[in-house]
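Residue numbers start from 1 in every chain, and the chains themselves are labelled A, B, ... in the order their sequence lines are given, proteins ahead of strands. Bear in mind that the values here come from a model prediction, so they are computed numbers and not experimental data.
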Protein chains: 2
Amino acid sequence: MNINRNDIASMQQRLTEYLTDQNLRKTTERYTILECICTIKGHFDVEMLQKMLDGANFHVSRATIYNTIELLVNASLVVRHQFSSQIVQYELKCISETHHHLVCTHCGAVCEIKNKELATLMNGRRFPKFSAEYYSLYIYGICSKCKFKLRQKKNNK
Amino acid sequence: MNINRNDIASMQQRLTEYLTDQNLRKTTERYTILECICTIKGHFDVEMLQKMLDGANFHVSRATIYNTIELLVNASLVVRHQFSSQIVQYELKCISETHHHLVCTHCGAVCEIKNKELATLMNGRRFPKFSAEYYSLYIYGICSKCKFKLRQKKNNK
DNA sequence: ATGTATGCAAACCATTTGCAATGAC
DNA sequence: GTCATTGCAAATGGTTTGCATACAT
């Protein structure tokens, strides 16, 4: 999936809306971080984002990156993933809506899959006493590479 | 959902199978930890598990708890959850199969829901180059309590 | 007897926090 | 001018690691 100029514009607009609505300040950092995230096609983590921003000669502190990402999550622009322990990863919400994830419990590799039936099933679903924002489906298992390695390891014993 | 004696017996049997198959040792710690986990109806984390074991006068080190849980995950007896950052939670796999999770992004509360259609959709599903072990569906949003609080906070401004 | 598993404590590292300086309003 | 936001550096705390000891095989 690709993001186009219109998508970016509407996300910026959404950010402005959110900041106005919540009485928060429209800082350069917040808009620049969103802009940077829009150039990332897949998942990203805090470190990757900071390196990209530094590479574009825009220095932002770690604390601000954490704050801003949380803000973007609250504004429904970004989605949080925790496939395996340790590192938290993120993804633009509009991208994450197009697929689900296969996660290898052995090597941590994450692969994306589309599933129209599930999207149909989930869309428009309501829950009692809960306003759903987004959902994540993680399918855990062993990827073919790891399965092969494990088989070899066992045979060598 | 309740766990009965038969379920526990079959889980112990599964552990024995796994340990034998992988040439791992059948230690008291491994069986005791599984037994303890079987008494927990909902989610648990490492700290909770250690306190329960200590309460039953069975001292186990943190390292062993981490090792054993990973082993139980690999043996397909336990499932790992990471609803929000920081703490990793776990659940008996046989319990987790009966429901999905609503997660409040504001207060972190987790609520369980059943969804037969989804179970039907997922069961027997195969993926190319990937052996699926289990899946987790997390639905993120705002719970009614937090929604109420947020509305009040906004009105007071 | 051998080598895996455990216990303990120190190390690790992503994330959070406190506070002074900056800048949006 | 006021107060939210940022930057920096230190603190936090769940998880991992290293090594000596214990114990399953």
Side-chain angles (χ1 to χ4, degrees), chain A residues 12 15-34 36 43-51 53-54 57-75 78 80-90 105 108 153-154 156-157, chain B residues 12 15-34 36 43-51 53-54 57-75 78 80-90 105 108 153-154 156-157:
Chain A
Q12 286 169 338
L15 176 57
T16 301
E17 253 174 55
Y18 180 79
L19 295 174
T20 304
D21 184 60
Q22 303 284 316
N23 275 310
L24 300 171
R25 293 181 181 172
K26 298 170 186 67
T27 65
T28 313
E29 285 79 3
R30 287 170 176 168
Y31 283 92
T32 308
I33 290 173
L34 175 59
C36 180
H43 310 129
F44 62 92
D45 57 33
V46 169
E47 174 143 10
M48 192 190 305
L49 189 55
Q50 189 166 40
K51 279 188 180 159
L53 287 160
D54 272 334
N57 266 320
F58 189 82
H59 178 77
V60 194
S61 72
R62 272 287 158 103
T64 299
I65 294 187
Y66 279 107
N67 286 338
T68 305
I69 290 182
E70 200 189 327
L71 188 151
L72 295 173
V73 169
N74 290 336
V78 167
R80 179 194 305 256
H81 290 298
Q82 294 186 265
F83 301 118
S84 52
S85 62
Q86 309 293 50
I87 295 176
V88 177
Q89 292 191 284
Y90 303 90
T105 52
K153 198 175 161 191
K154 206 174 156 187
N156 288 342
K157 280 202 176 171
Chain B
Q12 286 169 339
L15 176 57
T16 302
E17 252 174 56
Y18 180 79
L19 295 174
T20 304
D21 184 58
Q22 303 283 315
N23 274 311
L24 299 170
R25 293 182 180 171
K26 300 172 186 65
T27 64
T28 313
E29 284 80 4
R30 288 171 176 168
Y31 283 93
T32 308
I33 289 173
L34 175 59
C36 180
H43 311 129
F44 62 92
D45 58 31
V46 169
E47 174 142 9
M48 191 192 305
L49 190 55
Q50 190 166 41
K51 278 187 182 159
L53 287 160
D54 272 334
N57 266 320
F58 189 82
H59 178 76
V60 194
S61 72
R62 272 286 159 106
T64 298
I65 293 188
Y66 279 106
N67 286 337
T68 304
I69 290 182
E70 201 191 326
L71 187 151
L72 294 174
V73 170
N74 290 336
V78 168
R80 177 194 307 256
H81 291 297
Q82 296 186 266
F83 302 116
S84 52
S85 62
Q86 309 291 49
I87 295 176
V88 177
Q89 293 190 285
Y90 303 89
T105 52
K153 199 175 163 191
K154 208 174 154 186
N156 289 343
K157 282 207 174 168

Next item on the list: Rounded to the nearest angstrom, tell me the gap between atom CD in B:E70 and atom P in D:dT16.
Entry: 7 Å

Checklist line | Whole-Å distance separating the OH atom of A:Y31 from the C1' atom of C:dA24 | finding: 12 Å

Notebook entry, point to check: For DNA chain D, whose closest nucleotide is more 5', that of A:A63 or that of B:L24?
Noted result: A:A63

Item checked: Distance in angstrom units between A:N23 CG and D:dC3 C1', rounded -> 13 Å

Note to self: Restricting to ring pair (Phe, Tyr, Trp, His ring centres under 6.0 Å), what partner residues turn up for A:Y18, sequence neighbours left out?
What the structure shows: none

Notebook entry, point to check: Does B:R30 have a side-chain nitrogen or oxygen under 4.0 Å from the phosphate oxygens OP1 or OP2 of C:dA5?
Noted result: yes

Notebook entry, point to check: How is A:E29 classified with respect to the nucleic acid when contacts are heavy atoms under 4.0 Å: base, sugar-phosphate, or nothing?
Noted result: sugar-phosphate

Check: Could you give the distance from CD1 (A:I87) to NE2 (A:H43), rounded to the nearest 0.5 Å?
Finding: 13.5 Å

Item checked: Whole-Å gap separating C1' (D:dA9) and CZ (A:R62) -> 13 Å

Item checked: Rounded distance (Å) that lies between atom P of C:dG23 and atom CG of A:L19 -> 18 Å

Note to self: Side-chain N or O of A:S61 versus OP1/OP2 of D:dT6: is the shortest distance under 4.0 Å?
What the structure shows: no

Next item on the list: Please state how far atom CD1 in A:I65 lies from atom P in D:dG7, giving the value in whole angstrom units.
Entry: 9 Å

Item checked: Donor-acceptor pair under 3.5 Å, B:R25 side chain vs C:dT4 base -> yes

Next item on the list: Have a look at A:L19 and tell me which of A:L15, A:D21, A:T16 forms a side chain to side chain contact (heavy atoms under 4.5 Å, CB included) with it.
Entry: A:L15

Check: Are OP1 or OP2 of D:dT5 and a side-chain N or O of A:T27 less than 4.0 angstrom apart?
Finding: no

Next item on the list: Between D:dA24, D:dT15, C:dT6, spot the one nearest the side chain of B:V46, thanks.
Entry: D:dT15

Next item on the list: Please give the angle, rounded to 10 degrees, between the axes at the start and the end of the helix from C:dA1-D:dT25 to C:dC25-D:dG1, where five pairs define each axis.
Entry: 40°

Checklist line | Whole-Å gap separating C1' (D:dG7) and CD1 (A:I33) | finding: 12 Å

Next item on the list: Drop me the distance from B:Q89's CD to B:R80's CZ, to the nearest 0.5 angstrom.
Entry: 12.5 Å

Note to self: To the closest 0.5 Å, what do you measure between CD1 (B:I33) and OG1 (B:T28)?
What the structure shows: 10.5 Å

Notebook entry, point to check: So, is B:Y66 close to the D:dT16 phosphate, meaning a side-chain N or O under 4.0 Å from OP1 or OP2?
Noted result: no

Margin query: Would you say that A:L24 contacts A:R30 through its side chain, given a criterion of any heavy-atom pair below 4.5 Å between the two side chains?
Written below: yes

Item checked: Rounded distance in Å - CD (B:Q22) to P (D:dT25) -> 15 Å

Notebook entry, point to check: If you draw a 6.0 Å radius around NZ in A:K51, do more than 12 non-hydrogen atoms from other residues or ligands fall strictly inside?
Noted result: no

Next item on the list: Give a yes/no on whether any side-chain N or O of A:H59 is located under 4.0 angstrom from OP1 or OP2 of D:dT6.
Entry: no

